[in-house]
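Predicted model, so just to flag it, every value in this text is computed and none were measured. Just so it is clear, the values below take in all heavy atoms, side chains as well, and ignore hydrogens, waters and symmetry mates.
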Amino acid sequence: MKRTYIFYLSFFINVLFLGILLYYFLGADNKTTTEPVDLDFHEAKNVDLISVLKSVPYESISKKLAVNDYHHASNIHDFKTIENDLKTLDSLYPNHKFDLRVIIGSLLTDTLHNRIRNNFSSFNFKELFRLQNLLIRYSYYSQCSYTEENNLMFSVIANYWGSFIALKLSELSKQKNGVKFDFGYRYLESRSNQYRYFVNTKVSSLEKFIYNLLTSNWGHLINATWAQTSILQKFIFILLSLITLLSYFLLFNELKRKIYRYNKN
Amino acid sequence: MRKSIFLVCLINCVLNVFAQYDGSYVSVSSLSYNNEKISYVAMARGGNRVKAKYFASRDFNGSTVYQRFLEWSKNKKLIAISSGTYMWPSCNGSDPQTIPVGLCVDNGIPVNKNLILNGLDGLAVVYPAGGGGGIAVTNLKEGNLKISDGGTSTTLNVRNSWDLQKFITWSQGNSATVFQSHLFVYKNNFLLDPSKASGKPAPRRVLAVGTATDGQVVHYIIDLPGQNNTIYDAAFKAYNFLTKRAQVNITFMINLDTGCQNVFQVYRSDGSIDSQFKGDTPIYNAANLLVYYFE
């Protein structure tokens, strides 16, 4: 009778342990981003550079363009328009070729970033998606332009947002483990990786353990497990192993007894 | 008796002729320092005969790091092989998603354009064999990376987006290899803040470059195979060992990841593998490799 109690108790502990493990994975935050997103800045207005910059001194270009929301204008979403804008700027302010591109570059990176900074306190798929479209667009622009200065400016903008999105996603996964199960997150992550801005999505110790177990990385698994676990964890592991062994031993004994009785009858 | 002596001399001469590398450039040792086992490989860079090569990840044809290494190492005189920087999300060389953490360019091809500004302050540039095959490391916090393009020397602050782009373009044009890692020591100053470093005990390895008392530039791979070293402990022990015992003026010291990709192999001058240096991961599973060779 006592043996049966021990068997049930050890079996119960095993089931409980497995249940905790299953809950960890299945009970994770699996919310998905389902709302439709705008493909791009369709609502953006066009900024006519010639009229906006009429009689504006060189030193005030940046301010004037920022006031006119150039970084939100539709100009920046069309290759021909932005190329033409750069040509216009070159003709309006000769001998400032590189500096003009630094001004436009900084409008489309730092200024734009400052304007939208508060939108990222939590996972904001829509905003990140828009920025990612900007990154993709500019990484192609950087390969299309004939002038070296424009190529550099387009690459800088692409690189800025590429790094920003990758770091933001990494940061979000560190803040909230469940966000990595969001399909919106996964979509952004895979696109970011595709453009070679790799996201360091947080992987928990348990996930690492299971990955190493599945890939049979035994050397590391044994070393890391032994070196990085506390005495209490080692004790719990040994206790669970003993309980498991005991429950299997008792289970087989019980089965053996029943088979013996059955055969006898 | 004379014949035997002659035979021994002859064998020795033949072995020297066919030796993998000139032993006078490389010093290998495994010793106890402050009650801790420390193994090291010291390589003198005089005459640029000792060179470094870094395999950051799979190439675009899908060849793994190990396959690339095998192909490249034919007829190469190898000195030491070690895993390099941190990998993400796993350390399995056969997993195509495994990518180095931080900015990484492999032989002029961008692998990861995501520069990590917090934590990984060491930006290492491994020059191609034609460019000397050396390794230079800059402190990202100082923002004074010096590059030479077509004879013109430029100083870049890669924290700035424009300079970063110029640097990536430069590394593409010069077939340079670039990776990021933890910077422990820079210009003989110990930089690591114990509160920011991983407190997990594990085997540790570092790469240090410095100037020896005779003025020679020496590259050190220092291995602490004991299980109880946190990153801080290991870095500090290696720093003490180099400055106090080896009397080296350290230019930089960076971390070589051991974690789940602990590949380490050292070759004797006759080409055989020195079994006292050993990592947990077999080389065929390497996710990235730093290789020193003799030319």
Trace of the side chain to side chain contact (heavy atoms under 4.5 Å, CB included) decision for A:R196 with B:N112: CA-CA 5 Å; A:R196 307 247 138 220; B:N112 187 358; 5.8 Å; no

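Counting heavy atoms of neighbouring residues, nucleotides and ligands inside a 6.0 Å radius, atom CZ of A:F120 exceeds 12 of them. Counting heavy atoms of neighbouring residues, nucleotides and ligands inside a 6.0 Å radius, atom CD1 of A:I231 does not exceed 12 of them. Around CG of B:D193, the count of heavy atoms belonging to other residues, nucleotides or ligands within 6.0 Å exceeds 12. Other residues, nucleotides and ligands contribute over 12 non-hydrogen atoms within 6.0 Å of the NZ atom of A:K234. Counted within 6.0 Å of CD on A:Q194, heavy atoms from surrounding residues, nucleotides or ligands total more than 12; the atom is thus considered enclosed. Atom CD of B:Q276 has more than 12 heavy atoms from other residues, nucleotides or ligands within 6.0 Å.
Contacts between A:V102 and chain B at a heavy-atom distance below 4.5 Å involve backbone atoms as well as side-chain atoms. Heavy atoms of A:F164 lying under 4.5 Å from chain B are absent altogether. Only the side chain of B:I168 comes within contact range of chain A, with heavy atoms under 4.5 Å apart. Using a 4.5 Å cut-off between heavy atoms, B:D95 contacts chain A through its side chain alone, with no backbone atom that close. Looking at B:P110, the atoms closer than 4.5 Å to chain A (heavy atoms on both sides) all sit in the backbone: N, CA, C or O.
A heavy-atom distance below 4.5 Å is found between the side chains of B:W88 and A:V203.
A distance-only check finds no donor-acceptor pair linking the side chain of B:N114 to the backbone of A:A166 [under 3.5 Å].
Of all the listed residues (B:P201, B:P89, B:C260), the one sharing the greatest number of non-hydrogen pairs under 4.5 Å with chain A is B:C260. Counting heavy-atom pairs under 4.5 Å between each of B:S161, B:G279, B:S94, B:A202 and chain A puts B:S161 at the top. Considering only heavy-atom pairs separated by less than 4.5 Å from chain A, the leading option among B:L164, B:N92, B:V111 is B:V111.
In summary, of the residues considered (B:Q165, B:K166, B:K113), a side chain to side chain contact (heavy atoms under 4.5 Å, CB included) with A:S155 occurs for B:Q165 alone.
Closest non-hydrogen pair, A:N200 versus B:I116, comes out as ND2-CD1, 3.6 Å. Counting all heavy atoms, side chain and backbone alike, B:L115 lies closest to A:S163 at N-OG, 4.2 Å.
For the residue pair B:S90 and A:Y211, a side-chain donor N or O sits within less than 3.5 Å of a side-chain acceptor on the partner.
Annotation: the span from A:Y160 atom OH to B:N160 atom CG amounts to 11.0 Å, rounded to 0.5 Å.
Separation of the A:F98 and B:W162 ring centroids falls under the 6.0 Å cut-off.
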